[in-house]
Amino acid sequence: MVAGTSGRKAKVTALAGCLRAAEPEEAATVVAYLSGELPQRQIGVGYAALREPPPPAAEPSLTVPEVDAAFTEIGAVSGAGSVARRRELVAAVLGRATRPEQDFLVRLLAGELRQGALDGVMAEAIAAAADVPAAAVRRAVMLRGALGPVATAALAEGARGLDAFTLEVGRPIKPMLAAAAPSMDEAFAKLGAGPETEVAVEWKLDGIRAQVHVSGGEVRVFTRTLDDITVRLPEVVEAVRGLPVRDAVFDGELIALRPDGRPHPFQVTSARTATRTTKTAEPVPLSVFLFDVLHLDGADLLDAPGAERDAALAGVVPAELRMPRVVTGDAARAKEVFDESVARGHEGVVVKSLDTPYTAGRRGAGWVKVKPRHTLDLVVLAVEWGHGRRRGLLSNLHLGARDPETGGFVMLGKTFKGLTDELLAWQTRRFRELAVREDEWTVHVRPELVVEIAFDGVQHSPRYPGGIALRFARVLRYRPDKSAAEADTIDTVRAVAPVLD
DNA sequence: TTCCGACAGTGGGGTCGCAAT
DNA sequence: ATTGCGACCCCACTATCGGAA
């Protein structure tokens with residue numbers, strides 16, 4: 001029903017009907033499932049555990065609370081034999097489901113529900129079902145970090161129930177995200193910036209986003225997906241603990257820096273953040289750069305304009321713990337900041353409106369990131385069949401650079417990005433003509449077609465034969481004017497974007 | 001009537017921890 | 001010891017809907 005229509009209003013109507021029909025105690029679970037999430041967040045079941053579902057039941061008998069209880073039990077399984085035990089429990093649930101129920105549950109557990117109803121549409125549906133303003137629902141979701149509890153409150157108590165969701169120090173909220181622009185001029189245009197309207201131009205570091213809560217001297221650190229990673233980061237806790245605040249919520253970035261202040265590759269920061277144990281004697285320390293404050297000693301600042309939040313930040317955080325930032329209305333000055341950030345090895349800048357409040361969880365137009373862009377002409381070595389709306393189309397390109405030593409090609413990664421429907425149709429036809437070998441997923445082709453690829457940088461790769469891979473590769477256009485012999489070489493790739501060490 | 005902001009979809013590379021092989 | 005899997009870090013881009021202009 002929901003997947004069957006492309007219209008958002010129709011989806012909202014259908015979803016709201018489901019919510020009204022649900023028992024009050026089921027509402028949170030129903031909302032989670034319909035938006036493709038589990039209240040448990042994760043239960044250790046993925047694609048591999050779902051490959052061979054048991055025969056479906058003839059008659060429906062499963063209830064939502066039963067499924068929820070089963071998922072909780074599956075999520076609690078651990079230790080030796082846990083993989084087999086989880087699969088056993090998954091099979092038991094699926095065996096009680098009818099064919100359509102099985103199909104839904106498999107897609108839900110695999111994270112492939114894809115029915116066009118994630119947080120945004122579901123928030124509208126909750127608002128419709130509970131007859132409350134959609135903006136109030138969205139705000140509650142941002143503050144609570146989950147749809148389910150918000151749905152329960154809205155359905156039971158209406159708008160009054162939503163008022164109970166406030167910023168609580170110690171509970172993470174969804175972080176504000178940035179839109180992207182290809183150049184400083186376009187970033188300025190998006191924000192309406194100019195001599196009359198200044199903006200903040202902040203360095204963008206290639207690290208891990210962090211929301212740092214201080215509550216009476218106790219510090220907690222949360223990731224973008226609201227996971228608590230405090231215990232992994234003692235040096236971050238130590239750095240923030242010294243600030244002259246009683247209660248505060250900060251937003252910032254964590255990054256591993258070398259002694260000269262230049263950044264380590266992202267992989268170093270990522271590994272450091274993901275490591276739970278102290279297995280190495282001297283882990284690479286992470287540096288903290290705070291760029292926003294959402295609460296300060298009793299005062300919520302979410303709705304305060306950017307300039308006011310920055311003033312509050314500067315009042316309690318010393319410059320060495322703040323993200324470098326320049327306020328200007330001059331695009332040329334902004335470009336200088338961008339150039340300096342890049343020259344020091346960083347990703348680029350984020351241009352921020354001085355007026356907008358902190359719009360958590362939405363890719364609001366208040367922040368716009370600008371990064372440099374590299375390009376290469378590479379050769380397509382193979383193509384993979386697409387899924388979902390790209391089913392039946394050759395979608396994901398295997399990209400290779402010329403290897404002058406062997407006369408062959410070195411694969412540097414894949415991309416499916418940047419392709420229009422028209423281009424997808426064209427390349428599906430074209431690659432069939434060039435096909436030399438085909439398996440279930442992949443069509444291998446004669447290496448003749450040259451494609452211009454944009455990418456952010458080059459990183460060490462344990463996967464690809466050249467030992468390097470492109471980061472965030474996307475298609476700009478095909479180059480019918482170039483032959484494979486004129487494509488860029490592996491040496492050019494290394495020169496264009498050196499791998500940092 | 002046209003324009004544009006918000007949203008969902010389609011996957012990319014990488015790391016770690018754990019259980020199975 | 002190595003491999004497979006699940007969970008999360010980082011992410012760009014296009015199509016579409018529906019309200020704003």
Side-chain angles (χ1 to χ4, degrees), chain A residues 3 5-12 35-36 41-49 75 77-86 109-124 138 177-180 182 190 205-210 223-227 229 232 253-255 265-277 279 347 359 362-365 369 371 373 384 386-391 393 395-399 412-424 453-464 468-476:
Chain A
T5 171
S6 62
R8 264 177 222 145
K9 301 195 87 170
K11 282 185 202 290
V12 166
S35 63
R41 284 199 65 183
Q42 25 77 10
I43 60 171
V45 172
Y47 178 76
V77 175
S78 68
S82 61
V83 170
R85 178 66 183 146
R86 272 199 297 270
L109 289 171
E112 293 182 347
L113 196 58
R114 299 174 207 262
Q115 58 179 4
L118 300 182
D119 278 19
V121 169
M122 189 56 73
E124 298 274 335
R138 277 197 299 270
L177 305 175
K190 264 192 173 173
L205 309 190
D206 194 7
I208 297 281
R209 185 78 174 269
T223 66
R224 222 183 87 158
T225 48
L226 316 188
D227 288 305
I229 54 169
R232 305 177 205 172
E253 192 85 3
L254 310 179
I255 187 168
F266 173 73
Q267 282 148 310
V268 174
T269 296
S270 173
R272 173 69 178 77
T273 319
T275 302
R276 292 154 198 274
T277 55
K279 59 179 183 184
E347 264 201 305
T359 48
R362 316 192 75 190
R363 209 166 277 279
K369 56 185 164 186
K371 300 198 278 186
R373 194 188 72 175
E384 294 174 21
H387 300 82
R389 71 182 297 281
R390 291 190 179 186
R391 177 175 296 278
L393 293 167
S395 171
N396 197 2
L397 308 176
H398 294 202
L399 305 168
L412 293 174
K414 309 179 190 179
T415 185
F416 55 90
K417 297 171 183 168
L419 297 164
T420 61
D421 285 0
E422 191 185 355
L423 214 44
L424 282 164
I453 296 294
F455 62 103
D456 276 22
V458 161
Q459 57 193 346
H460 286 292
S461 173
R463 175 184 320 203
Y464 289 110
I468 58 174
L470 302 183
R471 191 135 182 250
F472 310 142
R474 59 270 190 190
V475 173
L476 293 180

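To find a chain, count down the sequence lines: A is the first, B the second, and so on, and within it residues start at 1. Values below: every heavy atom of this structure, side chains too, minus hydrogens, waters and symmetry copies.
A48(A) comes within 4.0 angstrom of the backbone, heavy atoms only, and of no base. As judged by a 4.0 angstrom heavy-atom cut-off over every strand, V121(A) is placed among residues touching the sugar-phosphate backbone only. In this structure, T223(A) reaches the sugar-phosphate backbone alone: every heavy-atom distance under 4.0 Å involves primed, P, OP1 or OP2 atoms, never a base. Using a 4.0 Å heavy-atom cutoff across all strands shown, S6(A) reaches sugar-phosphate atoms only and no base atom. I43(A) comes within 4.0 angstrom of sugar-phosphate atoms only, judged by non-hydrogen atoms across all strands, and of no base. At a threshold of 4.0 angstrom between heavy atoms, the contacts of R8(A) include nucleobase atoms, whether or not backbone atoms are also involved. Looking at heavy-atom distances under 4.0 Å, A180(A) makes no contact with the nucleic acid at all. Residue contacts shown for K371(A) are limited to sugar-phosphate atoms, with no base heavy atom under 4.0 Å away. Among the heavy atoms of the strands lying under 4.0 Å from Q115(A) are primed sugar atoms or P, OP1, OP2 only; no base atom is included. Contacts of A454(A) with the nucleic acid, taken as non-hydrogen atoms under 4.0 Å apart, are absent. Note on S82(A): only backbone sugar-phosphate atoms sit closer than 4.0 angstrom, heavy atoms only; bases stay farther off.
Where F472(A) and A271(A) meet DNA chain B, the nucleotide closest to each residue was compared, and F472(A) sits on the side nearer the 5' end. A residue-by-residue look at Y47(A) and R232(A) shows that Y47(A) has its nearest nucleotide of DNA chain C further toward the 5' end. Residue whose closest nucleotide on DNA chain B sits further toward the 5' end, between N396(A) and S270(A): N396(A). Mapping G7(A) and T420(A) onto DNA chain C via the closest heavy atom, the residue that lands nearer the 5' end is T420(A).
The pair E253(A)-R209(A) fails the salt-bridge criterion, with no side-chain N (NZ, NE, NH1 or NH2) lying under 4.0 Å from an Asp/Glu carboxylate O. With respect to E124(A) and R8(A), no salt bridge is recorded, no charged nitrogen being found less than 4.0 Å from a carboxylate O. Comment: K371(A) does not engage D206(A) in a salt bridge, judged by the lack of any side-chain N to carboxylate O separation of less than 4.0 angstrom.
Atom CG in D227(A) sits 12.0 Å away from atom OG1 in T273(A) (nearest 0.5 Å).
One atom, CG of L118(A), and another, C1' of dC17(C), lie 15 Å apart when rounded to the nearest Å. Straight-line distance from the CG atom of D421(A) to the C1' atom of dA8(B): 14 Å, rounded to whole Å. Regarding R471(A), its CZ atom lies at a distance of 11 Å from the C1' atom of dG12(B), rounded to whole Å. The distance from atom CG of L419(A) to atom P of dG12(B) is 12 Å, rounded to the nearest whole Å. Distance, R474(A) CZ to dC11(C) P: 12 Å, rounded to whole Å. Rounded to an integer number of Å, the gap from NE2 of H398(A) to C1' of dG13(B) is 13 Å. Look at CG on L399(A): it is 9 Å from P on dG13(B), rounded to the nearest Å. Distance, D456(A) CG to dC9(C) P: 20 Å, rounded to whole Å.
Checking dT10(B), dA12(C), dG14(B) against every side-chain atom of K369(A), the shortest atom distance belongs to dA12(C). Taking every side-chain heavy atom of Q459(A) into account, dG14(B) is the closest of dG11(B), dG12(B), dG14(B). With dG18(C), dC11(C), dG13(B) as the candidates, the nucleotide lying closest to the side chain of E347(A) is dC11(C). Among the nucleotides dG6(C), dA15(C), dA20(B), the one closest to the side chain of A49(A) is dG6(C). Of the candidates dA15(C), dG14(B), dC13(C), the closest approach to any side-chain atom of K417(A) belongs to dC13(C). Nearest nucleotide to the side chain of R463(A), out of dT10(B), dG13(B), dG11(B): dG13(B). Here the side chain of F266(A) is nearest to one of dC7(B), dT15(B), dC10(C), namely dC10(C). Listed nucleotides: dC8(C), dG13(B), dG11(B). Nearest to the side chain of T225(A): dC8(C). Minimum atom distance to the side chain of F416(A) is reached by dA12(C), of the listed dA12(C), dG17(B), dC16(B).
Across the strands present, dC10(C) finds its partner in dG12(B); the criterion is a Watson-Crick or G-U wobble pair with both atom distances under 3.5 angstrom.
Between K11(A) and dC7(B), a side-chain N or O to OP1/OP2 separation shorter than 4.0 Å is absent. For dG11(B), the OP1/OP2 oxygens have no side-chain nitrogen or oxygen of R390(A) closer than 4.0 Å. Phosphate contact (OP1/OP2 of dC8(C), side-chain N/O of T273(A), threshold under 4.0 Å): absent. Contact check, Q42(A) against dC8(C): a side-chain N or O comes under 4.0 Å of OP1 or OP2. Under 4.0 angstrom from either OP1 or OP2 of dG9(B) there lies no side-chain N or O belonging to H387(A).
The side-chain heavy atoms of D456(A) and R474(A), taken from C-beta on, include a pair separated by under 4.5 Å. In this structure, the side chains of R390(A) and F416(A) come closer than 4.5 Å at one or more pairs of heavy atoms.
Cation-pi contact between R471(A) and F266(A): present, with separation from the ring centre below 6.0 Å and deviation from the ring axis of at most 45°.
Heavy-atom contacts from other residues, nucleotides or ligands closer than 6.0 Å to CZ of R373(A) number 12 or fewer.
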